[in-house]
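Inspection log for the structure reproduced underneath, given as structure tokens.
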Amino acid sequence: MKSDQIKPNKPKIAFFDFTSCEGCQLNKLNLENELPDILRHVELVEFREAMDDKADYYDIAFIEGSLSTPSCINRIHDIRRRSNILVALGACATIGGINSMKNLQPIETVRETVYGEEKYRFPTLPAIPVSAVVKVDYEIRGCPMSIPEFLRVLKALLMGKAPNLPDSAVCVECKLRENECLYDRGIVCLGPVTVGGCEAICPSFGQFCTGCRGLVPNPNKDAMLDILTQHGLSLEDAQKRFLLFNSYNIESKSIT
Amino acid sequence: MSNHIRTGIEEPDRKMLELYYPEIAEITRTKQITELEKWFEIALPGNRDLNHQPGQFVQVSLFGFGEAPISVTSSPTKRGVFELCVRKVGTLTTAMHKLKPGDRIGIRGPFGHGFDLQKMEGKDILIIGGGIGIVPLRSLINTVIDRRSDFGRFIILYGAKTPGELLFKDELKSWREDPTIEYHVTVDQGTPDWDGNVGVITTLIPRLDLNLGNTIAAVVGPPIMYKFVLMALKSKRLPDENIYLSLERRMKCGVGKCGHCQINHSYVCQDGPVYHYPVIKQLPEAIQ
Amino acid sequence: MEKFNLSTSRLNALIKHLMTRGIVYAPHKNGEVSFSFDEVRDPGKVILNYNRTLQSIKKYFLPPREQLLSFSLKSGSLSKVEPENPLRIFLGVHSYDMQAVLRLDYNFSQGNPELNYLKRRQNSLFIGVSFEPDTYHFSRSVGIMVEEFDGFDLFLDKHSSGYTLYVVTQAGEELLSGFDHLEEAPDRPATHREFRNKIKYNFNRLSEVFDHAWDSSVWEEIAQRCVGCGTCNLVCPTCYCFDVEDDVNLSLADGSRYRSWDGCMLNSFAKVAGGENFRADLSDRQRHRVYRKFKYITDVTGEPWCVGCGRCTAYCTAGISIVETVNRLCEEYEQTVLRKPLAKQDWVL
Amino acid sequence: MSRTLDLNIKHLTRVEGHGNIVVNIKDGRLERCELEIVEAPRFFEAMLKGRSFHETAIITSRICGICSLGHQIASLKATEEALGLEVSEQTVLLRKLLIDGATLQSNILHIYFLAAPDFFGTTDAFKLIPTNKDVVLRALRMKRLANDIGDIVSGRAVHPITPVPGGFTKLPDESELRAIRRRLVEEGLPDVEATVDTIASVLNSVPGFTRETEYISLSHPDEYALYDGDIFSSDTGAADVNNYREMTNEFVVPHSTSKHCKHARESYMVGALARWNNNHARLSESALRVAQRLNLEPRCYNPYMNTVAQVVECYHCIEDSIAIIDSLLERGIRNEKPNQTPTRFGRGIGATEVPRGILYHEYEYDRRGNIVSANCIIPTGQNLANIDHDMKKLVPEIIDQPKEIIAKQLEMLVRAYDPCISCSVHILNVEFIGG
Ligand SMILES: Cc1cc2nc3c(=O)[nH]c(=O)nc-3n(C[C@H](O)[C@H](O)[C@H](O)COP(=O)(O)OP(=O)(O)OC[C@H]3O[C@@H](n4cnc5c(N)ncnc54)[C@H](O)[C@@H]3O)c2cc1C
Ligand code: SF4
Ligand code: SF4
Ligand code: SF4
């Protein structure tokens, strides 16, 4: 590669993946229109899914995936040590996400269910978000991470400012888009207690909010359960719906 | 498309209505006064006076970083330029700390109600400033100093968390040395080289000997300070009508539209930030 | 007031005529059971028989997201964004939404008048339509009848065999010029609509109730059921609070300042730097919202700032009803202050 | 020559998920040669238990972000069969369009971003920007086009939103379909032609290795099977989808968190090359011409040519998308609600071709529409044994080469399979005890 391609003072950016579906990584490659612009501002030093290079210092490290094996824990400490700003990316990394559903059952049962007698070969821990182990500077939520939000955060960090991320409910953006509320179609939705910033993409496409962005600050969980049960879910189903992405944050006992 | 149809709303007078467009001003001098606070001297185009009252604020814009309400800390008696003092707490304030002379910022304002100088004339003035509250008060203090003969006794109480957090140290020194000013300072936590008062600001109040009917108190500080200062003033029997406070609320527009600063029916950016205490007593949300 | 007969079959012709005069906005179907105001492209798709639109026509004067100015980071220069104001005709507006616009006019013209709003608002004409009140409508309780003409240029009153078209203003009359399918309407008795008063007190006595409602337990009780989603703010035709934020392009060279709707029910609405939140509890936020609708501005103008559209109640997933809240406060007022039950005539208009 | 060589390529790059290549040769004897799968298992089966059919596909599409559409479609088909939910012709057409879009997207990603750097002798596609800017921009443009199909029809390309059991929660506008059709014709076709030229120019960097194996894919009498069909083995012919367990025979191996599969031989191959070998006769004349230009023989036993077969499929997907949109527009988009009223509660199997090969989902539901048991067999898992056997044949053939060349050829071999390791460890394979 020609040396004039990289300006020395461009921030070094790296992407790391842990236990996840890699959808967030793919979503970044889906920034086809923006990638050339982004690459003008940053030096991409590590992105295993798309490149071979490795580096040992990162201005910004983006972490995807939850931590679920003993080796994950060492690796995340190592990355934290080498990064200036650490951003957790996507539901798995920020709230545990779908992965954390397995935490609801005893880990032994889980392993046995999948591998039977061979279970001891495959160590596993409860799936936890990155912030449970190391300091996380910023979080980009969503399953998959929201592309507009990723761009917002990236731009803010490149400008040297803290990104301003919403903490209000998905309903806010849903109303700004003047969507018909799914409750009016008899469909229950977790939008009222889920952190927005996704532009209410699921309700806008007629699908209920699954809670993939985690709960708003001080969520009124009891009131939300009332809403779900008043709109036709059994208490058990309402709890399960709540736990879909948020098992790490809501241990099942706190909402029964 | 026909535009001749007359509708209810007339063509607005645009000059008056350009509420949200900042004027571009230039930073002429800066000084880092503590790790967290930075002082700026700012010139409007043509060195026009800002024409503010002590206690008023401006909306400072740093494009790309946003806008924030910042009190004018210089006295209106200072002509041609004005001063701000900014504590680094978030996005915009952090970015402001990186600015240097020659850099440009957007300014809207001055906005709000400041201290009622007319009511203060001829009276004893009691300044009570906690932490960064000294910033807007400094504008009043310097006005009183510059127009010293218009006022009676001049008492300044200033409290900070630590000696390191005291602002405008040079001026504090001159206040202490000025025989016409009764200046008392205290810190919550002392340091080995601190030989002054230690304790919260309310501890300074009981010792004061006030001419109750003739004293006007101007109080600015963090939300938690007000309750205790007011209690202390009450036990001193200073009449409520003699107390002015400045309140801080979130603000987006500064001109009474965005709703963020509303306290009950009152808009801090319009009716405040400086309030007459009897008015505040009608606002249950003002001091919790 | 001049009035004409307009048969239902003539309606499309009227809309077509209006489309030659300006941009026409009218209710359309949105989703399965909802409606929204949209620009008319096909008169056949306009629905005048609707309960309420998801958002009121406020969105045309105070857009959900609006560019205030644009700037260049490099040169530090600034350019203003001028709102457009083509002639716009709003067809099929219910009286409470018209009243809401008049209230917003007050908010944006008193104190520091605001160009952005007033400019957009300037070239607008309004054609009202009557409606059959549903369970959520209670505009009558706040003094707004179905056939409230104030603010309208024309008004369509539906009856069994078509519409009566009332010409309310000169502008309305001018709007009709060139439309010759009209015939003078005979005097006919006004349509009778069942529209019960739902709030127990006459609206001009509510201020009195709210003088005593600050410490009510009602706020805490509704806060138990509320999830703080902000829907009630974001659908209210008289809510106008906003947030302002700068956004930069990916080039990092220039950007824009935007404002977007905000709401006092949202967690960080009253949060200042340093973390202090002046309305941290949902009960405080609920109280503030309802006081804004019935007390704060009302004390100045004499009018409730709630127009009784019922949106906040219809769209609250927790089923929190503003009418019930106000009625609870009225009852508490009776029991604790008046110490006698309400006389019937107090709450019949 | 009796060489001793230890290779351990940790966390193989430019593949989806975590895998290591381990080779131990002692005195010329191959002692170990395998693809170790070290991706952390995620235990989806445990998560699905007791979940409502409304949530099944939401969960299973999270098995893999790369193949999320494929998982979703297979999942919906299984759920619909289990619950007796009929879907409309329009739903099927839209799903087929989505599969075309997803296949195109995934193949482009693999061809340009994962495989091409090897052909061009670099480490990542971004480094090609200075020298081959038009190629990179074309790749990004094609990916965007493919993703836009997903965005329009399913709300977003990763973890699609609108496809649900029984249909779609929101239907695309005809105007959107028309716009994307125009782009398919105006950008897509010329770009795919140019892609063929680009790949044709680097064909000489494709290693000449061959190993005949069993090829398994879906097969359909009327079309190049992607959405639906019977299971077809190049060794044993057609089999009903209900027999998928006999066609896969999963087993646990020590060096992999993902299970392995086999059928008639010690291993079999799935994916683009398998589909090509089994179904090329159902491709259009023009797609076949493209294959010819790329030296893709009707029976091809070179696994490295999988990437080339993907190029041919890109061509097919664009042609097919245009045809589907035409028939959708001709019929007019009908405003249908998803059919979500179960007519029975039982077991259902969904089999779909996803870019990396044939994918099976099987569910059993209880009378409340909640999952009792689930099983899911993923293409990469099916290919793992075949990769191991390819490596075992390849290493002795190139044993005299320098270590880096051996390593490079092995990496390229694994990459040619476009393995999706994240997927492969998310096997769902349990009968829950006690429902
Ligand atoms: C009347 C008044 C006078 C003030 N005078 C001074 C002063 O002289 N010196 C000084 O350092 N500070 C002053 N402040 C506080 C200052 O406005 C806040 O510290 C500043 O807004 C924080 O902005 P930020 O972007 O750095 O912080 P962030 O925490 O990044 O802000 C986050 C968001 O909250 C908003 N926000 C947070 N706090 C406030 C607030 N109090 N008012 C409005 N918006 C807020 C910001 O606009 C931003 O959108 C004053 C505040 C008021 C109301
Ligand atoms: S659809 Fe969901 S997110 Fe949208 S308003 Fe209704 S509850 Fe809120
Ligand atoms: S809509 Fe209902 S739940 Fe949401 S904030 Fe308003 S009152 Fe609370
Ligand atoms: S408060 Fe509720 S009923 Fe009143 S105007 Fe607002 S949304 Fe309508």
Side-chain angles (χ1 to χ4, degrees), chain A residues 31 33-38 40-41 148 151-152 154-156 158-161 164-196 203 206 215-228 230-231, chain C residues 29-38 53-56 59 63-65 73 222-236 239 243-253 255 260-263 265-269 271 277 280-282 311-312 314-320:
Chain A
L31 284 161
N33 296 336
E34 295 83 3
L35 265 179
D37 247 337
I38 294 174
R40 258 199 292 283
H41 297 301
L151 290 175
R152 274 167 78 96
L154 187 67
K155 283 188 293 190
L158 292 176
M159 285 179 69
K161 68 174 182 180
N164 182 14
L165 298 172
D167 66 356
S168 45
V170 174
C171 291
V172 171
E173 286 150 297
C174 202
K175 291 299 162 205
L176 293 184
R177 295 181 71 159
E178 204 172 358
N179 293 330
E180 176 174 72
C181 181
L182 292 169
Y183 282 91
D184 288 336
R185 292 185 199 169
I187 299 171
V188 299
C189 174
L190 287 180
V193 285
T194 303
V195 175
L215 301 176
V216 293
N218 319 315
N220 192 346
K221 291 181 219 150
D222 290 341
M224 189 66 223
L225 277 180
D226 284 347
I227 293 174
L228 294 174
Q230 275 157 18
H231 288 85
Chain C
K29 197 160 192 275
N30 177 2
E32 289 172 16
V33 296
S34 313
F35 304 93
S36 66
F37 268 91
D38 283 310
T53 51
L54 289 164
Q55 291 291 356
S56 73
K59 66 181 180 181
R65 183 171 150 93
L73 288 164
I222 45 180
Q224 302 269 313
R225 294 158 57 204
C226 168
V227 290
C229 67
T231 292
C232 47
N233 286 142
L234 289 148
V235 297
C236 178
C239 273
D243 188 27
V244 179
E245 203 198 355
D246 284 5
D247 192 14
V248 292
N249 300 340
L250 206 47
S251 65
L252 306 183
S260 44
W261 291 353
D262 207 337
M265 284 308 298
L266 300 174
N267 182 51
S268 340
F269 186 79
K271 212 173 182 170
N277 190 343
D281 292 342
L282 275 170
R311 287 186 178 92
C312 59
Y315 302 134
C316 173
T317 51
I320 293 169

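Only this structure's heavy atoms are used, side chains among them; waters, hydrogens and symmetry mates stay out.
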Check each atom of [X] against the heavy atoms of chain A and say whether the ones under 4.5 Å are side chain, backbone, both or neither.
| X | result |
| --- | --- |
| C:D247 | side chain |
| C:Q224 | backbone |
| C:A280 | neither |
| C:L266 | side chain |
| C:N267 | side chain |

Checklist entry - Short question: side chain of C:K59, backbone of A:E178 - any donor-acceptor pair under 3.5 Å? => result no
Checklist entry - With distance as the sole test, does C:K29 use its side chain to make a donor-acceptor pair with the main-chain N or O of C:G31 at under 3.5 Å? => result yes
Do the non-hydrogen side-chain atoms of [X] and [Y] ever get within less than 4.5 Å of each other?
| X | Y | result |
| --- | --- | --- |
| C:I320 | C:C232 | no |
| A:M224 | A:P219 | no |
| A:I38 | C:L250 | yes |

Next on the checklist: Taking every non-hydrogen pair under 4.5 Å, which of A:E34, A:K175, A:M159 racks up the most with chain C?
Outcome noted: A:K175
Checklist entry - Hey, which of C:L234, C:V227, C:D262 has the most heavy atom pairs under 4.5 Å with chain A? => result C:V227
Next on the checklist: If you count heavy-atom pairs within less than 4.5 Å of chain A, which of C:G230, C:S36, C:P63, C:G228 leads?
Outcome noted: C:S36
Checklist outcome for this item: Scanning both residues in full, the closest heavy-atom pair of A:C174 with A:P203 reads SG-CB, 3.6 Å
